[in-house]
Participant: 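Dumping the structure here so I can ask a few things about it.
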Amino acid sequence: MISKQKTQYIQKIWDNYVANQKVHDTKGNELPNIDEERLAAIVELKKFINDFQSDKINIYQFKTNVDSFNKRNNLWGFTATKGQMFFNQLVKNSESNIKDLTKLIQETIAEPKNLEESFTKIAALEKYSQNIYSKAKDKRRAPNPGSVSYFLSYFWQVQDYEKWPILYTSLINSYRELELWNETESQVEAYKYFYLLNEEIKKLLGSYSGKDINNWSAEHAFWNFKGNPNKQSPAKLKKEEVEILEVEEEKTITVSTSFELTDYLIPKVAKLIELGNDKEKSSSSKGSAYEKLVCEIFKQLDFEVNILGQGSGRNPDAIIKHSDDDTAFLMDAKAYSNGYALGLDDRAIKEYIDKIIPSLQKERYKKFGFIIVSNSFKSNLDSFINEITWNTDVRRFILLTSEALLYLLAYKTKNRISTSSIIETLISLGNPIEAKDIIGKLDDV
């Protein structure tokens with residue numbers, strides 16, 4: 001039973017949502033017609049589910065179809081940690097018994113007949129993923145059982161959006177702030193508590209507004225609540241707000257994370273952006289310090305880092321490797337306070353590649369990339385990058401902002417993300433990669 005005081009607060013949240021009527025995706029982009037777009041998307045997603053259930057496509061094809069579709073239609077936040085990454089890790093850790101996993105996923109994503117059956121399905125997948133997770137030497141590479149309720153409720157909502165609410169982390173955080181959430185021991189308990197609380201909130205808002213409140217309306221209201229930096233509430237969780245300038249529309253979008261960035265960084269590396277903007281030090285002194293700090297961050301991301309750097313001749317600043325994925329990146333760190341532009345570096349970069357890639361191939365590395373880290377970039381270097389990826393063995397050329405690199409490290413520390421997942425994140429995003437892109441990809445939905 002929700003108290004009178006909290007009922008009034010929920011009513012205020014609803015009033016603010018009705019006045020605002022804006023919904024944003026996990027990258028901060030406004031979605032003015034999200035419900036209509038979801039209804040259209042459901043038609044396609046149901047086809048994937050039906051094809052998988054009838055064995056017209058296998059689990060690998062199903063996973064790829066869902067991934068590709070959600071990357072183009074970011075309407076539920078499934079591309080984040082608890083959705084696609086959880087699915088990828090389930091499959092990757094079940095190669096030896098893929099038939100068993102296929103059967104389990106087919107059974108559990110099928111819409112439950114009732115609430116009790118939903119608990120049975122959650123328990124089955126939670127047990128399976130917990131078995132993998134508990135035995136994994138590196139937990140970052142294992143499917144986290146804490147993702148099960150979000151993962152399954154997403155597929156259930158696709159099949160009946162009026163019946164099944166999705167258990168978003170952001171909604172739980174809202175309920176915590178309102179002191180409505182009770183911590184639970186299992187995913188079954190979590191979804192049961194969430195489902196019943198959501199039903200009570202819909203009923204409360206329906207009575208207050210005189211309208212039929214569905215799962216999406218309630219969800220959007222609380223998304224709006226969590227995204228409002230001026231809200232007055234007994235906030236228990238800290239929130240980092242990252243402001244990104246949208247050049248085309250000349251407006252500022254606020255992208256929120258579920259944590260304070262500096263809580264997951266040591267003070268030394270937290271000064272990376274400040275160092276890049278420093279105008280007091282000489283360019284060589286600042287460049288050297290910035291380069292060393294960037295290399296230190298890549299080490300904390302669990303890459304093997306070979307520092308070449310200034311004074312080593314025609315070389316990139318470092319080579320960063322991950323032998324488990326047969327992957328190596330050449331890396332340059334550019335401490336430019338006004339934004340990096342290619343200038344005369346194009347020739348040097350080509351020389352780096354021609355000189356170093358053959359030696360890496362002898363070490364049996366198979367996949368190669370080039371990363372430039374800087375506080376900002378004056379252009380996306382599309383023409384040059386296309387030339388490099390077409391004419392050399394470098395397949396990914398990545399422009400990474402200092403802030404984005406810091407967020408990568410924070411998410412790695414907070415969520416125990418594996419280096420393989422970090423690589424997957426980097427190669428999946430377009431240039432330049434900014435903080436908002438990392439947040440949109442890795443923040444809990």
Participant: Treating Thr392 as the side-chain partner and Thr389 as the backbone partner, does any N or O pair qualify as donor plus acceptor under 3.5 Å?
Facilitator: no
Participant: Does a donor on one side chain and an acceptor on the other come within less than 3.5 Å for Tyr411 and Thr81?
Facilitator: no
Participant: Quick one: ring pair (Phe, Tyr, Trp, His ring centres under 6.0 Å) partners of Tyr336, sequence neighbours excluded?
Facilitator: Tyr340
Participant: Where is the tightest heavy-atom contact between Lys412 and Gln300, given as atom of each residue plus distance?
Facilitator: NZ-O, 3.1 Å
Participant: Check whether any side-chain heavy atom of Val66 sits under 4.5 Å from a side-chain heavy atom of Phe78, and report yes or no.
Facilitator: yes
Participant: Considering only heavy atoms from C-beta outward, does the side chain of Ile371 approach that of Phe298 to under 4.5 Å?
Facilitator: yes
Participant: Are side-chain heavy atoms of Ser323 and Tyr365 found at a separation under 4.5 Å?
Facilitator: yes
Participant: In Å and rounded to the nearest 0.5 Å, what is the CD to NZ distance from Glu116 to Lys192?
Facilitator: 6.5 Å
Participant: For the CD atom on Glu183, are there more than 12 heavy atoms of other groups (residues, nucleotides or ligands in this structure) within a distance under 6.0 Å?
Facilitator: yes
Participant: State, with a plain yes or no, whether a side-chain heavy atom of Tyr128 is found less than 4.5 Å away from one of Ile105.
Facilitator: no
Participant: Work out which heavy atom in Gln89 is nearest to a heavy atom in Ser421; give both atom names and the distance.
Facilitator: NE2-OG, 4.0 Å
Participant: Under 4.0 Å between a side-chain nitrogen and a carboxylate oxygen: does that hold for Lys92 and Glu424?
Facilitator: no
Participant: Is it the case that the side chain of Asp437 and the backbone of Glu434 share a donor-acceptor pair, with hydrogens and angles ignored and the cut-off at 3.5 Å?
Facilitator: yes
Participant: Taking the side chain as every heavy atom from C-beta outward, state whether Leu265 and Leu272 have any atom pair closer than 4.5 Å.
Facilitator: no
Participant: Do Lys299 and Glu296 come within less than 4.5 Å of each other through their side chains, counting heavy atoms only?
Facilitator: yes
Participant: Quick one: closest heavy-atom pair of Glu117 and Pro112, and the distance?
Facilitator: OE1-CA, 3.2 Å
Participant: Report yes if the side chains of Val269 and Leu409 come closer than 4.5 Å at any heavy-atom pair, otherwise no.
Facilitator: yes
Participant: Under 6.0 Å between the ring centres of Tyr168 and Trp76?
Facilitator: no
Participant: Is it the case that Thr79 and Asn70 place a side-chain donor and acceptor less than 3.5 Å from each other?
Facilitator: no
Participant: Might you point out which heavy atoms bring Ser147 and Lys82 nearest each other, and give the distance in Å?
Facilitator: OG-CG, 3.4 Å
Participant: Would Glu189 and Asn182 count as having a side-chain donor-acceptor pair, cut-off 3.5 Å?
Facilitator: no
Participant: Quick one: side chain to side chain donor-acceptor pair (under 3.5 Å) pairs with a partner in residues 200-218, sequence neighbours left out?
Facilitator: Asp15-Tyr208, Gln157-Trp216, Asn198-Asn215, Glu199-Lys202, Lys202-Asn215, Asn214-Ser217
Participant: Taking the six-membered ring of Tyr133, is the NZ or CZ of Lys139 close enough (under 6.0 Å from the centre) and on axis enough (within 45°)?
Facilitator: yes
Participant: Please name the pair of heavy atoms, one in Pro165 and one in Lys163, separated by the smallest distance, quoted to 0.1 Å.
Facilitator: CD-O, 3.4 Å
Participant: With Glu44, which residues qualify under side chain to side chain contact (heavy atoms under 4.5 Å, CB included), at least two apart?
Facilitator: Lys47, Phe69
Participant: Would you check if Phe397 and Ile349 make a side-chain contact, meaning some heavy-atom pair closer than 4.5 Å?
Facilitator: yes
Participant: What's the verdict on side-chain contact (heavy atoms from CB on, under 4.5 Å) for Lys436 and Glu403, showing C-alpha distance, side-chain angles and the deciding distance?
Facilitator: CA-CA 9 Å; Lys436 66 182 178 71; Glu403 189 175 29; over 6 Å; no
Participant: Would you say CD of Glu95 has more than 12 non-hydrogen atoms from neighbouring residues, nucleotides or ligands within 6.0 angstrom?
Facilitator: yes
Participant: Does a donor on one side chain and an acceptor on the other come within less than 3.5 Å for Gln187 and Ser149?
Facilitator: yes
Participant: Between Phe155 and Phe62, is the gap from one ring center to the other below 6.0 Å?
Facilitator: yes
Participant: Between Gln84 and Asn88, is there a side-chain donor-acceptor contact under 3.5 Å, judged purely by atom types and distance?
Facilitator: yes
